Amino acid sequence: MYSMTEDYWADDERRATWEEIEVGVERTTRPVALTLQIIQDYARAIGDLNPLYFDEDHASRSRFGGLIAPPTIHVPLLFLATETTDWMRTPGTINAGQNWYYRRPGRPGDVVTLRARALDKVYRNERLFVVHDNVFFDAAGRVLCTGRGWTVRPR
Amino acid sequence: MHWTGLDGTAPVIAIGYEFPPVEVLVTREMIRAYAAASHDFNPLHLDDDWMKSADFGPTRFGSVIAHGLMTYSLVTRMLTDVVYPLGGWHERCEMRFTAPVLPGDTVRTAGRVTNVRRMGDLLRYAASVQARKEDGTMVATGDAMGYVPAAALPGGDERNPDTVATRRALAELAAEGDGPVAGG
């Protein structure tokens, strides 16, 4: 099971700094079993009680044919799929912006994989940015969603 | 609370359509719950003592801040609340985070359809999306894209199963009255 807390300072010395982040190199990731609990915990946290995420009968009668995850399930998946030493976890990492394209819904029981890398690094207005490039796949290798984000690096 | 926009009458996805907003009072408890659910435990969101002293270049926040992706997710919820019951799909969202959200802030989302295009059996739309605090400060801005079955719109094809399914879903939701939906 996944821990419900994580000490972001514990592995901080092992995380790459902006200077050390290698553009274009894939980050180490691990498959994640997308459970109903992950889906529903996330939906509740954003106050989204859409029956497509909670009501099996309703969802089975929808065009999705069963329960699905909210589009933004990529948020917990990103953290569950990456190592505690991943530079994304560096304390003080500020999210500057994100864009995501949603190809198909995540579903409970999916085993999801992530391919992720730094696509670009930018020094601008006295800030150090990294551009993140992420693609999530289901177990059949089909794309679930793709996303790009900009973070401000603290060091 | 009720299903926004789902009072039994299908919203019309057309230029100028405004998505019913999602409004949420952000508390420390909500930020902590979001950290647990998103598995993002960055001290930015959890450690007030550290945030009182931490410098972020020219910026000092003074307290924990909410996750930018929490705001992004609230905007997404605003869109799916309308689009999913119409048998549609939320396809894309892009947002820049322009100001921090602090505990005690009320965040209100907004979305307005700016373009529509019939593409086969689908009506694809583009929308501008935003989130603001109660004092009007913009905390996130961007745009979104999605589609609904053209048959789900008023005047849609009664023989199309999407139309029938959508109207049935809308009728069921209307019959449920004050159904699920929380947050604000």
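Here the structure is a predicted model, which means the values were calculated and not measured. Each chain gets a letter, A, B and so on, in the order the sequences are listed, and its residues count up from 1.
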Could you check whether B/Tyr34 and A/Tyr42 have their ring centres less than 6.0 Å apart?
yes
Find the one option among A/Arg103, A/Glu126, A/Arg89 whose heavy-atom pairs under 4.5 Å with chain B are most numerous.
A/Arg103
Nearest heavy-atom approach of A/Pro76 to B/Ala37 is CB-O, 3.4 Å
Audit row: A/Tyr8, B/Asp40, side chain to side chain contact (heavy atoms under 4.5 Å, CB included) steps and yes/no
CA-CA 9 Å; A/Tyr8 269 38; B/Asp40 178 356; 3.7 Å; yes
Highest number of heavy-atom pairs under 4.5 Å with chain A: which of B/Gly68, B/Gly142, B/Ala144, B/Ser73?
B/Ser73
OG1-CG distance between B/Thr80 and A/Asp48, expressed to the nearest 0.5 angstrom:
5.0 Å
Evaluate A/Gln98 against B/Leu69 for side chain to side chain contact (heavy atoms under 4.5 Å, CB included), listing each step before the verdict.
CA-CA 8 Å; A/Gln98 302 261 332; B/Leu69 281 166; 3.7 Å; yes
Output the option from B/Glu91, B/Met70, B/Met51 having the highest count of non-hydrogen pairs under 4.5 Å with chain A.
B/Glu91
Atom OH of A/Tyr101 and atom CE of B/Met145: how far apart are they, to the nearest 0.5 Å?
5.0 Å
Chain B contact via A/Thr90 - which portion, at a heavy-atom distance below 4.5 Å
backbone
Structural part of A/Phe54 lying under 4.5 Å from a heavy atom of chain B
neither
Considering non-hydrogen atoms only, spot the tightest contact between A/Ile46 and B/Leu74 and give its length.
O-CD2, 3.6 Å
Quick one: what part of A/Pro154 sits under 4.5 Å from any heavy atom of chain B, side chain, backbone, both or neither?
neither
Counting only heavy atoms closer than 4.5 Å, note whether A/Trp9 contacts chain B via side chain, backbone, both or neither.
side chain
Selection from B/Tyr72, B/Trp50, B/Trp89 maximising heavy-atom pairs under 4.5 Å formed with chain A:
B/Trp89
Is there a side chain to side chain contact (heavy atoms under 4.5 Å, CB included) between A/Tyr102 and B/His90? Walk through the geometry before answering.
CA-CA 7 Å; A/Tyr102 304 101; B/His90 169 62; 3.5 Å; yes
Report which part of A/Ile39 has an atom under 4.5 Å of a heavy atom belonging to chain B: side chain, backbone, both, or neither.
neither
Name the option with the most non-hydrogen atom pairs under 4.5 Å to chain B; the candidates are A/Ser62, A/Pro105, A/Cys145.
A/Pro105
Audit row: A/Phe79, B/Asn42, side chain to side chain contact (heavy atoms under 4.5 Å, CB included) steps and yes/no
CA-CA 11 Å; A/Phe79 286 90; B/Asn42 199 300; over 6 Å; no
CD1 on A/Ile38 to OG on B/Ser38, rounded to 0.5 Å:
12.0 Å
